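Quick notes on the structure that follows.
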Amino acid sequence: MRALVVGAGIVGLTTARMLARRGYSVTVVEAHEGPGMETSYANAGQRSYGHVSPWAAPDLIGVGLKGLVRRQGPLKMHMPPAPRTIGFLFQTLRYAWESGRYDASNRAMLQLGQVSRNAFHAIDRELPEGFDGHHEGLLEISRDPVEYAGLQTKARALAEQQIEHEWLDADSVNRQEPALAATGDLQPSLLINGDGTGDCHRLSQLLMAQCRKAGVRFFFGTSVTQWEHNGNALEGAHVSDGNRSWLEAADATVVCAGCASRDLVRPLGLKLPVYPVKGYSLTAPLDNPDKAPRSTVVDLDNKVAITRLGDRMRITGFAELAGFNRRIPESRLQVLQEAINERFPGAADFNHAEPWTGFRPMLPDGPPALGAGPLQNLWLNTGHGTFGWTLSAGSAELLGMMMHSEPTPIDVSAFDPCRFGGSRR
Ligand SMILES: Cc1cc2nc3c(=O)[nH]c(=O)nc-3n(C[C@H](O)[C@H](O)[C@H](O)COP(=O)(O)OP(=O)(O)OC[C@H]3O[C@@H](n4cnc5c(N)ncnc54)[C@H](O)[C@@H]3O)c2cc1C
């Protein structure tokens, strides 16, 4: 059986690995010149299986309004918003306010997170070196009573799913993160013990090497330009590397094209309203490892995530609705720097940090699109939004089960790729 994977971000690579293990003859086509070069390049590095939650949250309006008046994130919007941005926001609000929707999506994402956690433990055993991967817990901190109330709600959902977590008071927070500064007036902090970290881009490179050894063919600098189908079944894709074009015939095609998925699948009769939600990161080499985080911290006051990646640390923030605009304004980086100065002063030289911007492939409700598409032989594994690194290992495993009509360990209905429009033939 021939399988074609479109996209070599982290999701395409875990998918290619799964398919090779299941005995497919796998080809991966990727528009960039290497693996993990788009959104998988410099994300926050959190493998946050217990911290996943849907984008369409009922408090989105409040968060959005705060974001417009404060310098800090999380939510920012380019003004005046483009029609596509307005459409995405309306869809998001519809899902956010639909009774029961948030809780159902939250449950589904947490369950997928646990599948992913198990799948990642297996990957970590196979590839223990080279991507600064660890599972040392994720700490959420805030001094704001409203944020604390939100954490309490979150902890209830974790308890329901029997996901290990604990509350740390201001003193014991330093047991988890000894270098964390400005902890005096913190509310109790939530530690999600089983969560982890790792450099997504570096694991993408390792997975590519592992896949190549298993016989997977990679075509970089190569894009899908057109589909080949007979009206009922997908038969492959026309691809081009700029110099030559050819038909990649396949018995199964999996679209893992991140933010490009929306336009790519539209000609196949599938509506997949993926929106590119922009974020920023700064990565700096450590000056003083004793002053750096041990694992990863979500700072709810400053709206940033701060992660240790070996001898580097990374800070990320913002969820900006600005289309595909790759500009990195100095004002955004300043906010990140100020948060680092408050929480982990003196750990790294952020004057020489690598700035980056990327786009979360966000669906308006939140769960990814995972499963069968409208045509036979078309499969989707995309639209993971804020949590694609975390969910990549589990999504690939679940997709393999779906492709072989095996029972899945969790209910997958929340991930149906056709839930926004597209009827199966
Ligand atoms: C600031 C920021 C912080 C984040 N932090 C975290 C985090 O801590 N934890 C977490 O879990 N997630 C995080 N994320 C989200 C995570 O990075 C993404 O969900 C994930 O990288 C998506 O992976 P992907 O493989 O689906 O997409 P991508 O990595 O974007 O890969 C898709 C690939 O498809 C290729 N492609 C597109 N169209 C075509 C075509 N026609 N032909 C061939 N190739 C094509 C693209 O070139 C691209 O390489 C963060 C994102 C941002 C922006």
Side-chain angles (χ1 to χ4, degrees), residues 4-16 27-49 51-52 55 73-74 109 112-113 116 120 138 195-201 203-204 207 218-227 237-241 248 254-265 274 276-283 296 298 304-307 309 314-320 328 332 336 355-363 368-370 380-396:
L4 173 64
V5 177
V6 183
I10 190 63
V11 175
L13 288 155
T14 52
T15 301
T27 299
V28 180
V29 293
E30 164 56 51
H32 279 288
E33 294 297 339
M37 294 303 290
E38 191 56 57
T39 312
S40 302
Y41 184 72
N43 61 32
Q46 296 183 324
R47 291 188 285 173
S48 50
Y49 322 108
H51 170 67
V52 292
W55 161 254
M109 290 177 75
L112 175 54
S116 211
F120 259 124
L138 177 149
D195 282 7
T197 51
D199 186 317
C200 181
H201 176 239
L203 185 68
S204 302
L207 286 176
F218 284 87
F219 290 97
F220 288 109
T222 302
S223 295
V224 167
T225 52
Q226 214 186 322
W227 297 109
H238 296 269
V239 302
S240 167
D241 66 5
E248 272 298 331
V254 188
V255 175
C256 307
C259 289
S261 303
R262 182 186 92 137
D263 293 343
L264 201 55
V265 300
V274 177
V277 176
K278 187 179 183 183
Y280 302 87
S281 73
L282 276 172
T283 309
T296 186
V298 175
V304 295
I306 306 171
T307 303
L309 294 168
R314 180 171 295 159
I315 179 163
T316 56
F318 296 103
E320 200 169 302
I328 304 181
R332 299 281 188 264
L336 299 184
W356 175 81
T357 187
F359 302 96
R360 302 169 182 90
M362 195 72 78
L363 284 161
L370 181 58
L380 283 300
N381 189 4
T382 189
H384 293 73
T386 308
F387 301 109
W389 169 218
T390 301
L391 299 177
S392 57
S395 299

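Note that this is a predicted model, so its numbers are computed, not measured. Counting starts at 1 for both ligands and their atoms, in listed order. Basis for what follows: all heavy atoms, side chains included, without hydrogens, waters or symmetry-related copies.
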Can a side-chain donor-acceptor contact be found between S281 and T316 if the only test is distance below 3.5 angstrom?
no

Report yes if G388 has an N/O atom closer than 3.5 Å to an N/O atom of ligand 1; otherwise report no.
yes

Distance under 4.0 Å to a non-hydrogen atom of G279: what atoms of ligand 1 satisfy this?
1 (C)

Would you check whether V29 reaches within less than 4.0 Å of ligand 1, judged by its heavy atoms?
yes

Nearest heavy atom to atom 38 (N) of ligand 1, choosing from G34, A260, S281, belongs to A260

Note: ligand 1 atoms sitting under 4.0 Å from heavy atoms of G7 are 33 (C), 34 (O), 35 (C)

Filtering G258, S40, S392, G385 for the heavy atom nearest atom 18 (C) of ligand 1 leaves G385

Which is closest to atom 32 (C) of ligand 1 by heavy-atom distance: P368, G36, C256?
C256

Atoms of ligand 1 under 4.0 Å from any heavy atom of E38, numbered from 1 in the order shown, are 30 (O), 48 (C), 49 (O)

For ligand 1, which atoms have a heavy atom of T386 less than 4.0 angstrom away?
6 (C), 9 (N), 10 (C), 11 (O), 12 (N), 13 (C), 14 (N), 15 (C)

Going by heavy-atom distance to atom 30 (O) of ligand 1, choose the closest among T357, V304, V274, T39.
T39

Check salt bridge (charged side-chain N to carboxylate O under 4.0 Å, His left out) between E320 and all other residues, then give those that pass, not counting sequence neighbours.
R332

Check each of S48, G221, A31 against atom 45 (C) of ligand 1 and report the one with the nearest heavy atom.
A31

Can you list the residues that meet the salt bridge (charged side-chain N to carboxylate O under 4.0 Å, His left out) rule with R360, with sequence neighbours excluded?
none

